[in-house]
Amino acid sequence: MESLNIGIIGAGRFADQHMMAFAEIPQAQVAAFMRRSKEPLEAMQRKWNVAKGFTDHKELISDPEIDAIDIITPTDSHKRYALDAIAAGKHVLCEKPLALNAADCEEMLQAARDAGVIHATNFNQRARTAAGRMKRYIDDGYIGTPYHTSIWWGMTMQEDARPDVLSWRFRAEQGGGTVYELIHVLDMARFLNGEVERICSLLNTAEGRRAFVDVSKEIAVEVPDSSVFLMQHVNGSYTVAHTSFVTRGIGHREAPRIDIAGSSGRIVSDGLHSLLGNSGPHGHLQELDPGAPHPTPYHQFVEAAIAGDQSMIDTGFEAGLEAARLADAARVSWQEKRWININ
C-alpha cells in the first residue's frame, strides 16, 4: 500500500482540523465523508473537494475503496462507530476521549487487537503543544530524576464570552466536561512522567445553569467546569493538573502551561512550542532549542497503517484506555473523597 484512503465519520466543524492535518501528509487521501445531515455534508464535500458523501456510517465503512476510518463525533458514539469499522477490517483513528469510561475503551482495544487493525487515539496535543519537545529533554536526562510536574490548561466557555458553545460538552452522557473534554492533561501526565500509581481529585461546577446555542432555554450543567487532579507516579514523582472552562482573560484557548522539576534541572513551556530551562549548576531559566516537532497521531496513523506496524504509534487505543482509567478514578475519588489506586 503506497497511500491510505480515509473515510471521515463526523464531517462537522472539527473535521476541518483533521483535513488540514491530512493535507500535510502526501500518503493520506481523504476519500469520503459521513454526516447524518445531507446539506452540511454536501457543503463539506464542496469545501474540501471530496467526491463521496454518506449519511449512514455503515455505507461508508462498507465501501471497499476505504482503508481507514477517522472518527470525529461526540464521545458517546465513538465505541459504536469504532467497533463497526473494526469489524469491517478498517484501521481506526478516533478522537479523544476514546470513550466515556475505561470499560468501553478496553472493549475497543481488544476488538482492534483481535482484528489486527491499526488503531490510534487522537492525543494530538503531544505534538500541537510543547509536551512532545519537553519529553525529549526529559528522556535525555536534562532534569535528572523527576520530582514534580505542574500542568494547567483551560479555555473560556462562559455564556457571555462564548455564546456559540454547543451543549454536548456539558452533558455527562456526551462530553464529560473538564474531566473528559480536557483529558489531554491526564495523557500528558502519563506521557511525561510514566504510569500513575494513584490519583485524587477535586471536581467543581461553578456555573450550574446556562444557555447554549443549540437549546431553546437554560439547562442544568451536569459535569465539572473546572477540575484539579493530584497524581503520584510509579517513579515516585507527582503531577498536579488543573483544567478549566471558566477562566476569563485567555480568549477561546490558551496553550497548556507545563513546568517540570527534577534533581538536576527544570524545564518550562513558554507559549505553544517554546521552551525555557536550566540543567546542572543552579541558574536562571534560559531559552532552549525546542527541536523538531513531535510526530502527530495523524502522521503516525497513516505511516503505521501503510506499513502494517502498530508499534509506530505511541497513542494507540492503549493510551486512550489508560487516560480513561485515570478519568474514571478521578470521578470516584471526588465522589468518595479519597485517593484511588490505579491498577
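Treat the numbers as computed from the prediction; the structure is a model and nothing was measured.
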Asker: Strictly by modelled atom types, are Thr315 and Thr121 linked by a side-chain donor-acceptor pair under 3.5 Å?
Answerer: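 Thr121 and Thr315 do not have a side-chain donor-acceptor pair below 3.5 Å.
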
Asker: Are there more than 12 heavy atoms of other residues, nucleotides or ligands under 6.0 Å from atom NZ of Lys217?
Answerer: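 Counting neighbours around NZ of Lys217, 12 or fewer heavy atoms of other residues, nucleotides or ligands fall under 6.0 Å, so no.
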
Asker: For Glu303 and Gln27, does a side-chain donor sit closer than 3.5 Å to a side-chain acceptor?
Answerer: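 On atom types as modelled, these side chains do not qualify, holding no pair under 3.5 Å.
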
Asker: Kindly indicate, with the supporting measurements, whether the criterion side chain to side chain donor-acceptor pair (under 3.5 Å) is fulfilled by Thr178 and Ser227.
Answerer: CA-CA 6 Å; Thr178 52; Ser227 311; 2.6 Å; yes

Asker: Which residue pairs pass the ring-ring contact (aromatic ring centres under 6.0 Å, His included) test when at least one of the two sits in residues 89-109, sequence neighbours left out?
Answerer: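 Found none.
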
Asker: Indicate yes or no: does Asp84 engage Arg80 in a salt bridge with an N to O separation below 4.0 Å.
Answerer: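 No, no charged N to carboxylate O under 4.0 Å.
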
Asker: Run Leu98 and Met108 through side chain to side chain contact (heavy atoms under 4.5 Å, CB included) and show every step you take.
Answerer: CA-CA 9 Å; Leu98 187 58; Met108 294 161 70; 3.5 Å; yes

Asker: Under the ring-ring contact (aromatic ring centres under 6.0 Å, His included) rule, collect the residues that match up with His233, sequence neighbours excluded.
Answerer: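 By the ring-ring contact (aromatic ring centres under 6.0 Å, His included) rule, His233 matches no residue at all.
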
Asker: Step by step, work out the salt bridge (Lys or Arg N to Asp or Glu O under 4.0 Å) result for Arg113 and Glu318.
Answerer: CA-CA 10 Å; Arg113 286 175 171 172; Glu318 295 91 347; 3.2 Å; yes

Asker: OG1 of Thr149 to CE of Met231: how many Å apart, nearest 0.5 Å?
Answerer: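 Reported to 0.5 Å precision, the distance equals 9.0 Å.
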
Asker: Quick test of your reading of the model: are Glu322 and Arg325 salt-bridged, counting only N-O distances below 4.0 Å?
Answerer: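 Looking at Glu322 and Arg325, the cut-off is met.
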
Asker: So His78 and Thr73, do their side chains get closer than 4.5 Å, heavy atoms only?
Answerer: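 Thr73 vs His78: side chains touch.
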
Asker: Is the distance between the ring centroids of Tyr147 and Tyr238 under 6.0 Å?
Answerer: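 Centroid distance Tyr147-Tyr238: not below 6.0 Å, so no.
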
Asker: Of all residues at least two apart in sequence or in a different chain, which pass the salt bridge (charged side-chain N to carboxylate O under 4.0 Å, His left out) check with Asp76?
Answerer: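 Once residues adjacent in sequence are excluded, Asp76 has no partner under the salt bridge (charged side-chain N to carboxylate O under 4.0 Å, His left out) criterion.
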
Asker: Determine which pairs satisfy ring-ring contact (aromatic ring centres under 6.0 Å, His included) with at least one residue from residues 300-343, sequence neighbours left out, and list them in order.
Answerer: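 Sorted pair list: His119-Phe317.
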
Asker: Can you find a side-chain donor-acceptor pair between Thr205 and Asp225 that sits under 3.5 Å?
Answerer: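 No donor-acceptor contact under 3.5 Å links the two side chains.
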
Asker: May I ask you to check whether over 12 heavy atoms, not counting those of Asp139, lie within 6.0 Å of atom CG?
Answerer: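 Enclosed.
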
Asker: Does a salt bridge link Glu59 with Lys52, judged by any charged N lying under 4.0 Å from a carboxylate O?
Answerer: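 No, Glu59 and Lys52 are not salt-bridged.
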
Asker: Quick check: do His184 and Trp153 have side-chain heavy atoms less than 4.5 Å from each other?
Answerer: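 Answer yes - side chains close enough.
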
Asker: Stepwise, does the side chain to side chain contact (heavy atoms under 4.5 Å, CB included) test hold for Phe54 with Asp63?
Answerer: CA-CA 10 Å; Phe54 301 91; Asp63 187 330; 3.9 Å; yes

Asker: Going by side chain to side chain contact (heavy atoms under 4.5 Å, CB included), name the residues that satisfy it together with Thr296, two or more places apart in sequence or in a different chain.
Answerer: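 Residues passing side chain to side chain contact (heavy atoms under 4.5 Å, CB included) with Thr296: Ala127, Tyr298, His299.
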
Asker: Would you call Arg35 and Thr55 a side-chain contact if the rule is heavy atoms closer than 4.5 Å?
Answerer: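 No; the side chains remain at least 4.5 Å from each other.
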
Asker: State the CG-OG distance between Leu182 and Ser244, to the nearest 0.5 angstrom.
Answerer: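 Interatomic distance, Leu182 CG to Ser244 OG, rounded to 0.5 Å: 8.5 Å.
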
Asker: Once you round to the nearest 0.5 Å, how far does CD1 of Ile258 lie from CG of Leu275?
Answerer: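 Reported to 0.5 Å precision, the distance equals 9.0 Å.
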
Asker: What pairs meet the salt bridge (Lys or Arg N to Asp or Glu O under 4.0 Å) rule with one or both residues in residues 187-203, with sequence neighbours excluded?
Answerer: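 Every pair satisfying salt bridge (Lys or Arg N to Asp or Glu O under 4.0 Å) with a residue in residues 187-203: Arg126-Asp187, Arg190-Glu195.
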
Asker: Are Arg36 and Asp56 within salt-bridge range, i.e. N to O under 4.0 Å?
Answerer: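 No, no charged N to carboxylate O under 4.0 Å.
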
Asker: My understanding is that only residues two or more places apart in sequence, or in another chain, count here; which of them pass side chain to side chain donor-acceptor pair (under 3.5 Å) with Arg46?
Answerer: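 So Arg46 forms no side chain to side chain donor-acceptor pair (under 3.5 Å) with any residue.
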
Asker: Pair Asp140, Tyr137 - check side chain to side chain contact (heavy atoms under 4.5 Å, CB included), show working.
Answerer: CA-CA 5 Å; Asp140 287 343; Tyr137 275 90; 5.7 Å; no

Asker: Under 4.5 Å between side-chain heavy atoms, hopping through other hydrophobics if needed: is there a path connecting Val117 to Ile313?
Answerer: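 No, Val117 does not connect to Ile313 through the hydrophobic network.
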
Asker: Please list, chain by chain and in numerical order, all residues satisfying side chain to side chain contact (heavy atoms under 4.5 Å, CB included) with Ala327, sequence neighbours excluded.
Answerer: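 Val179, Tyr180, Ile183, Leu186.
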
Asker: Does Asp67 form a side chain to side chain contact (heavy atoms under 4.5 Å, CB included) with Ile6? I'd like the steps, not just the answer.
Answerer: CA-CA 6 Å; Asp67 306 309; Ile6 301 165; over 6 Å; no

Asker: Is it true that Val92 and Leu100 fall in one hydrophobic cluster, defined by side-chain heavy atoms closer than 4.5 Å?
Answerer: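 Different hydrophobic clusters.
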
Asker: Can you confirm whether the side chains of Asp16 and Trp48 place a donor and an acceptor under 3.5 Å from each other?
Answerer: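 Yes.
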
Asker: Run the side chain to side chain contact (heavy atoms under 4.5 Å, CB included) test against Ser333 and tell me which residues pass, sequence neighbours left out.
Answerer: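 Ser333: side chain to side chain contact (heavy atoms under 4.5 Å, CB included) contacts with Cys200, Ser201, Ile340.
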
Asker: Would you say Glu65 and Asn5 are linked by a side-chain donor-acceptor pair, where the criterion is simply a distance under 3.5 Å?
Answerer: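 Per modelled atom types, Asn5 and Glu65 side chains form no pair under 3.5 Å.
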
Asker: Could you check whether atom CD of Glu39 has more than 12 heavy atoms from other residues, nucleotides or ligands sitting under 6.0 Å from it?
Answerer: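 Open: at most 12 neighbouring heavy atoms sit under 6.0 Å from CD of Glu39.
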
Asker: For the atom pair CD1 (Ile25) and CD (Gln300), what is the distance rounded to the nearest 0.5 Å?
Answerer: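 Answer for the CD1-CD pair, Ile25 versus Gln300, is 10.0 Å.
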
Asker: Under 6.0 Å from the six-membered ring centre of Phe191 and within 45° of its axis: does the NZ or CZ of Lys135 meet both?
Answerer: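 Yes, Lys135 sits over the ring of Phe191.
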
Asker: Can you tell me how far the CZ atom of Arg257 sits from the CH2 atom of Trp152, to the nearest 0.5 Å?
Answerer: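 One gets 5.0 Å once the value is rounded to the nearest 0.5 Å.
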
Asker: Using 0.5 Å steps for rounding, measure from the CD1 atom of Ile118 to the CE atom of Met312.
Answerer: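 So the CD1 of Ile118 and the CE of Met312 are separated by 9.0 Å.
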
Asker: I'd like to know if Arg210 pairs up with Glu159 as an ion pair, taking the criterion as any Lys NZ or Arg NE/NH1/NH2 lying under 4.0 Å from an Asp or Glu carboxylate oxygen.
Answerer: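 The answer is no: the pair does not qualify as a salt bridge.
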
Asker: Please list every donor-acceptor pair under 3.5 Å in which a side-chain atom of residues 284-294 meets a protein atom from a residue at least two apart or in another chain.
Answerer:
unit_1	atom_1	unit_2	atom_2	d
Asp289	OD1	Gly291	N	3.0
His294	NE2	Asp314	OD2	3.2

Asker: Among residues at least two apart in sequence or on other chains, which ones pass side chain to side chain contact (heavy atoms under 4.5 Å, CB included) with Ala88?
Answerer: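 For Ala88 the side chain to side chain contact (heavy atoms under 4.5 Å, CB included) partners, ignoring immediate neighbours, are Ile61, Lys90.
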
Asker: Just jot down the side chain to side chain donor-acceptor pair (under 3.5 Å) partners of Asp104, sequence neighbours excluded, or say none.
Answerer: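 In terms of side chain to side chain donor-acceptor pair (under 3.5 Å), with neighbours along the sequence ignored, Asp104 is linked to Lys79, Asn101.
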
